[in-house]
Number of protein chains: 2
Amino acid sequence: MLQKKTKYAIKALLALAREYKENKPMKISVIAEKEAIPRKFLEAIMLELRHHGLVGSKMGSTGGYYLIKHPEEIMLSNVIRLTGGPIALLPCVSLNFYEPCIECLNEEICGLRNVILEVREASIKILSKTSLKDILFRENKLSKKTKALKTMK
Amino acid sequence: MLQKKTKYAIKALLALAREYKENKPMKISVIAEKEAIPRKFLEAIMLELRHHGLVGSKMGSTGGYYLIKHPEEIMLSNVIRLTGGPIALLPCVSLNFYEPCIECLNEEICGLRNVILEVREASIKILSKTSLKDILFRENKLSKKTKALKTMK
DNA sequence: AAATATACTACTATATTAGTAGGAATTAAA
DNA sequence: TTTAATTCCTACTAATATAGTAGTATATTT
Ligand code: FES
Ligand code: FES
């Protein structure tokens, strides 16, 4: 499971992406309210995202956060990894959180690892081609669909 | 990430599967040593697997555990779920550990959920078609392959 | 009866996650 | 230049989950 931190980060970035054209900073308090994220916690998360170069910030009374890259350049796999979420199901197949399996003497011939590797590849394939923009696009598509369904009733 | 408990469970079941033809019980102490699993912990895990009907047991001096189903009938997705490991990356897309996302007012139009759903489906697809027997088969294939590579040198 | 297994309950220790408190530094506007 | 509003940063705390252990009861074979 992804941590809440990761989920909050994604939602916060989506909030920024929705108003990206203007590229003016959005306040933490605004993001927090829009996305229902604990304010202080979000503060810590945004700071971390800035340290990783995903967002920029402006201090002072007209300050806030803004995306540094374009919404179509920020991939889900990226955000997950930056916020500390391993995608792999086992440490022995994780690129960024690798640890050997002490019980398995030989990784190369481990059948379990081999399957889990396949799962990771399938997951990464999706997550690394899905950008913030793609998610917003899905949002639109989904809300149109449900609206259409409702009028049909 | 999968819990150690889940990984241990899979490895223990694989140990039973390797000698399945005989279908005679294998002692916890033997499994624990073969797979390098803490003995007492494995005891608790095997007990749980038995309660879930995956293995049977025999008490007494010639006792131990044995598979109840055939190795090709026990799917990885099954073991993961029984030992408490959610496969989904978010609770809102988990079949067995479902919880609504309080911050997302409407699940149906949540773009993030939509992507994570796809990831889950891709993972399940692999995990639910891979049985213990399949893993053993991979083991064989992999060890033949690495052997061949070594002789080439 | 002795030896040897599993069955079961109830802990403990450790690590991780989620979140908070409080103040320093910065900026803009009055 | 003061004030208000914001991010920046360090250092906590609380809650939860994971990993693993202890000890004893119960069953089975010899
Ligand atoms: S090497 Fe990781 S499960 Fe075997
Ligand atoms: S409903 Fe779960 S992330 Fe939106």
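Since the structure is predicted, the reported quantities are computational estimates derived from the model, not experimental observations. Residue numbering restarts at 1 for every chain, and letters A, B, ... go by the order of the sequence lines.
Distance, B:L2 CG to D:dA19 P: 10 Å, rounded to whole Å. Atom CD1 of B:I37 and atom C1' of D:dT21 are 16 Å apart (whole Å). Rounded to whole angstrom, the span from the CE atom of A:M26 across to the P atom of D:dA5 amounts to 20 Å. Going from atom CD of A:E48 over to atom C1' of C:dT17 covers 13 Å, rounded to whole Å. For the pair A:L42 CG and D:dC8 P, the computed distance is 12 Å after rounding to whole Å. Rounding to whole angstrom units, CG of residue A:L47 and P of D:dT6 are separated by 17 Å. Separating the CZ atom of A:F41 from the P atom of C:dA18 is a distance of 6 Å, rounded to the nearest angstrom. Across the protein-nucleic acid pair, B:K7 atom NZ and D:dA19 atom P stand 10 Å apart, rounded to whole Å.
The shortest distance between side-chain heavy atoms of B:L142 and A:E108 does not fall below 4.5 Å. Looking only at side-chain heavy atoms (C-beta outward), B:I45 and B:E48 stay at 4.5 Å or farther from each other. Side-chain contact between B:K69 and B:I74 is present, with at least one heavy-atom pair separated by less than 4.5 Å. A:K129 places none of its side-chain heavy atoms less than 4.5 Å from the side chain of A:D134. In this structure the side chain of B:K7 never reaches within 4.5 angstrom of the side chain of A:I116, judged on heavy atoms. Taking 4.5 Å as the limit, every side-chain heavy atom of A:N106 sits out of range of all side-chain heavy atoms of A:C110. Side-chain contact between A:C101 and A:E107 is absent, with no heavy atoms from C-beta onward closer than 4.5 Å.
Ion pairing between B:E35 and B:R18 holds under the 4.0 Å rule for side-chain N and carboxylate O.
Residue A:K27 places its side chain closer to D:dT7 than to any other of C:dT20, D:dC9, D:dT7. Nearest nucleotide to the side chain of A:E43, out of C:dG22, C:dT6, D:dA19: C:dG22. Here C:dG19 is the nucleotide among D:dC9, C:dG19, D:dA19 with the atom lying nearest to any side-chain atom of A:K4.
Non-hydrogen atoms lying under 4.0 Å from DNA chain D are contributed by nothing in residues 73-91 of chain B. Non-hydrogen atoms lying under 4.0 Å from DNA chain C are contributed by A:K58, A:M59, A:G60, A:S61, A:T62, all within residues 55-71 of chain A.
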Could you spell out the base pairing of DNA chain D as a dot-bracket line? Use Watson-Crick and G-U wobble contacts where both distances are under 3.5 Å, [ ] for crossing pairs, | for partners on a different strand.
||||||||||||||||||||||||||||||
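Below the 3.5 angstrom threshold, one finds a donor paired with an acceptor across the side chain of B:K40 and the base of D:dG23.
A:E72 meets the side-chain hydrogen bond (donor to acceptor under 3.5 Å, both in side chains) test with no other residue; sequence neighbours excluded. Listed by chain and residue number, nothing satisfies the side-chain hydrogen bond (donor to acceptor under 3.5 Å, both in side chains) test with B:K11 (two or more places apart in sequence, or in another chain).
Contact annotation: B:Y8 does not reach the phosphate of D:dA19 (side-chain N/O to OP1 or OP2, under 4.0 Å). Side-chain N/O atoms of B:H51 include none lying less than 4.0 angstrom from OP1 or OP2 on C:dA7. An OP1 or OP2 oxygen of D:dT7 is reached within less than 4.0 angstrom by no side-chain nitrogen or oxygen of A:R50. Here A:Q3 does not reach the OP1 or OP2 of C:dT16: none of its side-chain N or O atoms lies under 4.0 Å away. For the pair B:R39 and D:dA22, the criterion of a side-chain N or O lying under 4.0 Å from OP1 or OP2 is not met.
With hydrogens and angles ignored, the 3.5 Å screen pairs no side-chain donor or acceptor of B:T130 with any backbone N or O of B:L127.
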With a cut-off of 3.5 Å and sequence neighbours excluded, list every side-chain donor-acceptor pair involving residues 77-92 of chain B.
residue, atom, partner, partner atom, Å
B:T83, OG1, B:T6, OG1, 2.9
B:T83, OG1, B:V79, O, 2.8
B:T83, OG1, B:I80, O, 3.2

